[in-house]
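Report on the structure given below.
Ligands are counted one by one from 1 in listed order, and the atoms in each one are counted from 1 as well.
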Amino acid sequence: MNPFLELGIRHEIVNAITELGFEKPSPIQEKAIPVLLTGNDDFVGLAQTGTGKTAAFGLPLLEQLDFSSKQPQALVLCPTRELCLQIARDLEKFAKYIDNVHVVAVYGGANISDQLRQIRRGVQIVVATPGRMLDIIGRKAIDFSNVRYVVLDEADEMLNMGFQEDINNILSETPDDKKTWLFSATMPREVRRIAQNYMTNPQELTVGTKNTGNENIEHQYFMIRAKDKYAAFKRIVDYYPEIFGIVFCRTKIETQEIAEALIKDGYNADSLHGDLSQQQRDKVMKRYRERNLQLLIATDVAARGIDVNDVTHVINYSLPDETENYTHRSGRTARAGKTGISISLINAKEMSKIRHIEKIIGKEFIRKQVPQGTEVCEKQLFAIVDKVHNVEVHEEQINAFLPQILESLQDLSKEEVIKKFASLEFNRFLNYYQDAPDLNMEAREARGERGERGERGDRRTGSKGYTRLFINLGSVDEFSRGDMLSYICNKGKISGKSVGKIDLKGVFTFFEVLDADVDSVFQGFNGVDFNGRNVRIEVSGDKPSSDRGGRRRSGGGGGDRRDRGDRGGSRGGSSRGGRDRERSGSGSGSGFRDFSGKRRDRESKNRY
Ligand code: ADP
């Protein structure tokens, strides 16, 4: 007998989920479904994302609602629009063979009148993000008096995103005798408080150990100097030719910069962050879902609710500010029983953070060495060999040309032909990684290389009398510190004496300017373009323009507008990217005279 039938799920639903490939219940489904089917209890389920929570609450809901009525009977609250749509779609799929099931997805950033129309037509299940739900309640456009079940999905995420008040307000609109089912990956105090305040003796279930990450995830870290981070990151990506990954950054700026640098370097990448319009985000997600993107660079907030199977790697380009977020990030890989790798790039000072995360997830990290250039080349070579092996041959089309091809190659032996074909791609990696240095921290130290002057202090504020500014250009754009100094003076129309410390980073730079000259710099850089990218200057705050919004300033006062233009620019150039040399900037003599938009010695081939 089908194990879902044994759990008490009716045939129509079992048929639908069988078509979706559900053969047996996942652990959370196996445990939660029998409890939820009784419909008698409040419920708390602790499980990571990707464990099948949607069906764990969705199937019992479908079993218990009355679809002959068109009144809302179940409300599912979740943190993001993506998740909201996903849940609504899943529920509709589960209900494929049940008549008159109406599910509405209610979320911000979309036309409210369509959503209101659907509600007026009659729905039994409302799946909603809290903000939009409150809006609709405020318009008295929905009647919750018949609601029997409220599901709080990814409750910890909703609280992280500041929805506490909204949830309280929404819950108070629902009948007292409804049952509340709460699902969460972690159980911080705030979630516990919701359980205490709004639930009566909830049945509590945990799948895996509390707060434990998915067992199928291997957690790795690489210790590198800040200066080498971008190069090491690219090397790791190159080491996994089949990577399909999500790269997490801490701020919108970092996300955008890394994505831009990767695109420029010929990688198939794009960014996802809160400054994008909903339409832009949908577009990026669609490309990623369809695997037209290989690397998605995202902020924590933007990546919430991303449900893409087969993500091979999560890369923490920067560790999250909130340690708890690590679980959410790494949970984007190893979904639905697959395995995955979660990689963190850290410097020596961040080791304590890793130890802290280990405690939370109850699992040890494995320290890995940044692959040497030769190792990357080897990996790439065998990936090419595999590709050759697996490539589909269109016999008919190619046969017509075969005699000519054979004739042109007849002076070569079989071995020579193989070598040459493999070299077509392989040479690029050989050239690129020729003389590539060992990027591991110890190797750097053993060679007596110290951190950059600017790295040591890591001061966020300028020295006395100076303002610390941010510019979205750095060593990957082939600036040395000297180049940057000249560039700033030239564009900002200030003398070299006005410029204080310059912290040249991979994709951006912090520099100090005498307070009196700050306006001149902003004016000078207004509308300036570098290789098709708008150059952006900002005052560096404690949290430079993070997702939570740091102090921002932009030349000409049009910060946001310029921001958008910048992104547009990078998109437009996405296919042109050549690969930058790994070690750039330092002493390359690439003076700013060359900044006319021409790139030197680049290969113009897109990598993927
Ligand atoms: P969560 O809500 O916990 O993040 P989902 O419910 O989205 O996880 O499930 C993750 C993936 O696993 C989805 O693609 C879903 O279709 C699939 N899935 C869920 N339950 C099963 C099952 N019993 N058998 C096979 N696949 C499943």
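- On a distance-only criterion, D90 and ligand 1 share no N/O pair closer than 3.5 Å.
- Less than 6.0 angstrom separates the ring centroid of F365 from the ring centroid of Y326.
- Heavy-atom proximity to F4, at under 4.0 Å, picks out these atoms of ligand 1: 23 (N).
- A donor-acceptor pair shorter than 3.5 Å cannot be found between the side chains of Q278 and Y107.
- Close approach of ligand 1 to G21 (heavy-atom distance below 4.0 Å) involves ligand atoms 25 (C).
- Formation of a donor-acceptor pair under 3.5 Å by the Q115 side chain with backbone atoms of V104 is not found in this model.
- At least one heavy atom of N309 sits closer than 4.0 Å to an atom of ligand 1.
- If you look at Q86 next to ligand 1, there are no close heavy atoms at all, none under 4.0 Å.
- For the pair F94 and ligand 1, no heavy-atom separation below 4.0 Å is found.
- Under a 4.0 Å criterion applied to the non-hydrogen atoms of K24, ligand 1 contributes the atoms 22 (C), 23 (N), 24 (N).
- Rounded to the nearest 0.5 Å, atoms CD1 (I263) and CD1 (I258) are 11.5 Å apart.
- By the 30° and 60° cut-offs, the orientation of the rings of Y240 relative to H313 is tilted.
- With sequence neighbours excluded, the residues satisfying side chain to side chain contact (heavy atoms under 4.5 Å, CB included) with H11 are L5.
- Residue contacts with ligand 1: Q29 is placed with a nitrogen or oxygen under 3.5 Å of a nitrogen or oxygen of the ligand (distance criterion only).
- At least one test fails for K179 against the ring of F43: distance under 6.0 Å to the centre or angle within 45° of the axis.
- Close contacts of ligand 1 with T54, meaning ligand atoms under 4.0 Å from a residue heavy atom, involve 2 (O), 5 (P), 6 (O), 7 (O).
- For ligand 1, the atoms closer than 4.0 angstrom to any heavy atom of S26 are 23 (N).
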